[in-house]
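Bear in mind the structure is a predicted one, so any value in this text is a computation, not a measurement. Throughout, protein chains are lettered first and strands after them, A, B, ... in sequence-line order, and every chain is numbered starting at 1. Just so it is clear, the values below take in all heavy atoms, side chains as well, and ignore hydrogens, waters and symmetry mates.
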Number of protein chains: 2
Amino acid sequence: MWRALAHATRRQVLDLLVESPRTTGQVVAALGLDRHVVMAHLAVLRDAGLVLSERRGRVRMNFLNAVPIQEIHHRWVTPASGPWASALIAVRDGAEALQEGPGTPGLVDDRRISG
Amino acid sequence: MWRALAHATRRQVLDLLVESPRTTGQVVAALGLDRHVVMAHLAVLRDAGLVLSERRGRVRMNFLNAVPIQEIHHRWVTPASGPWASALIAVRDGAEALQEGPGTPGLVDDRRISG
DNA sequence: TCATTACGTAAACTATTGACTACATATAGT
DNA sequence: ACTATATGTAGTCAATAGTTTACGTAATGA
């Protein structure tokens, strides 16, 4: 799934499909890319479980499957407590440097980075 | 950044760093992988802005930077409204099939998939 | 300053991806 | 049955990514 999300074109496809299901041809038209390229990306998305598709007559309708996205939730959001939760909350509160903690350098102090 | 998250080892590194900052050597020891492999992954994470690091004497301390992760949040988690929000809420409510909507097939009806 | 420890750089090699080309199949409508 | 439309499959190729190997640099402490 992460691999599937690693390509900008595939994220674009997801953005199209989250709006409404589309046939492969419609996705091709919307992106203005070669049909085979789009088909390959759709295949990756299907393998990742992010897209469900179904042949209907001579077209194939592609649906978004948001379920796998929940994994992102459960990794970073749901754990109401846990390291990720605090790290993300720290960011939200503009306290990115929190993690360095006491005894950890601020930014410039003495001489930190050798060179 | 997406590319950086696409590799399981790099996600493992992030899981280590979210817990606490570590030196490169500590990450290597924790993962039990070749030092160069870990260094390469750390370089990718640094380029993606997910890890900040700083040389201290003869070690290099690596810190998690959760800021970029917020991008994912703002795209899929936070969006109080918008297509992604409804898709994800549909999932939460166990209504994954919602999207197919009326006029769209259930699962088996007449004959959908030719073969 | 010398040995040890810890990180850095570069080259070589392999595997995986992504894009392109050519050919093939299946359905809708006439 | 025939044609146009829409999708499917296979093969090639360049680019990228990941790993391994070899050599190099810098700091700690005796």
Can you build the contact string for nucleotides 13-23 of chain C? Use B for base contact, S for sugar-phosphate-only contact, and - for no protein heavy atom under 4.0 Å. ----SSSSBB-
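Closest approach to the Arg58(A) side chain among dA6(C), dC7(C), dA4(D) is made by dA4(D) (side chain taken as heavy atoms from C-beta onward).
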Let me see the working for Thr24(B) and Arg60(B) under side chain to side chain donor-acceptor pair (under 3.5 Å), right down to the final yes or no. CA-CA 6 Å; Thr24(B) 302; Arg60(B) 174 175 288 277; 5.3 Å; no
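Straight-line distance from the CH2 atom of Trp2(B) to the P atom of dA17(D): 17 Å, rounded to whole Å. Met61(B) has its CE atom 13 Å from the P atom of dG8(C), to the nearest Å. Separating the CG atom of Leu33(B) from the C1' atom of dC7(C) is a distance of 17 Å, rounded to the nearest angstrom. We find that CZ of Arg22(A) is positioned 16 Å from P of dA6(D), with the value rounded to whole Å. In this structure, the CZ atom of Arg46(A) is 12 Å from the P atom of dT7(D), given to the nearest Å. One can place CG of Asp47(B) at 12 Å from P of dG18(D), the figure rounded to the nearest angstrom. For Leu42(B) and dT9(C), the CG to P distance is 13 Å, given to the nearest whole Å.
Between Thr23(B) and dC7(C) there is a side-chain N or O to OP1 or OP2 distance below 4.0 Å. Side-chain N/O atoms of Arg55(B) include none lying less than 4.0 angstrom from OP1 or OP2 on dC7(C). Between Arg60(A) and dA6(D), a side-chain N or O to OP1/OP2 separation shorter than 4.0 Å is absent.
In terms of the side chain to side chain donor-acceptor pair (under 3.5 Å) criterion, Arg58(A) has no residue partners (sequence neighbours excluded).
With a 4.5 Å cut-off on side-chain heavy atoms, Met1(B) and Ile72(B) count as touching.
Without hydrogens or angle criteria, Asn62(A) side chain to Arg22(A) main chain gives a donor-acceptor distance under 3.5 Å. Panel note: side chain Asn65(B), backbone Gly49(B); a donor-acceptor pair is recorded below 3.5 Å.
Here CG of Leu17(A) is found 10.0 Å from CE of Met61(A). Values are rounded to the nearest 0.5 Å.
Val37(A) and Met39(A) fall into different hydrophobic clusters, defined by Ile, Leu, Val, Met, Phe, Trp and Tyr side-chain heavy atoms under 4.5 Å apart, directly or through other members.
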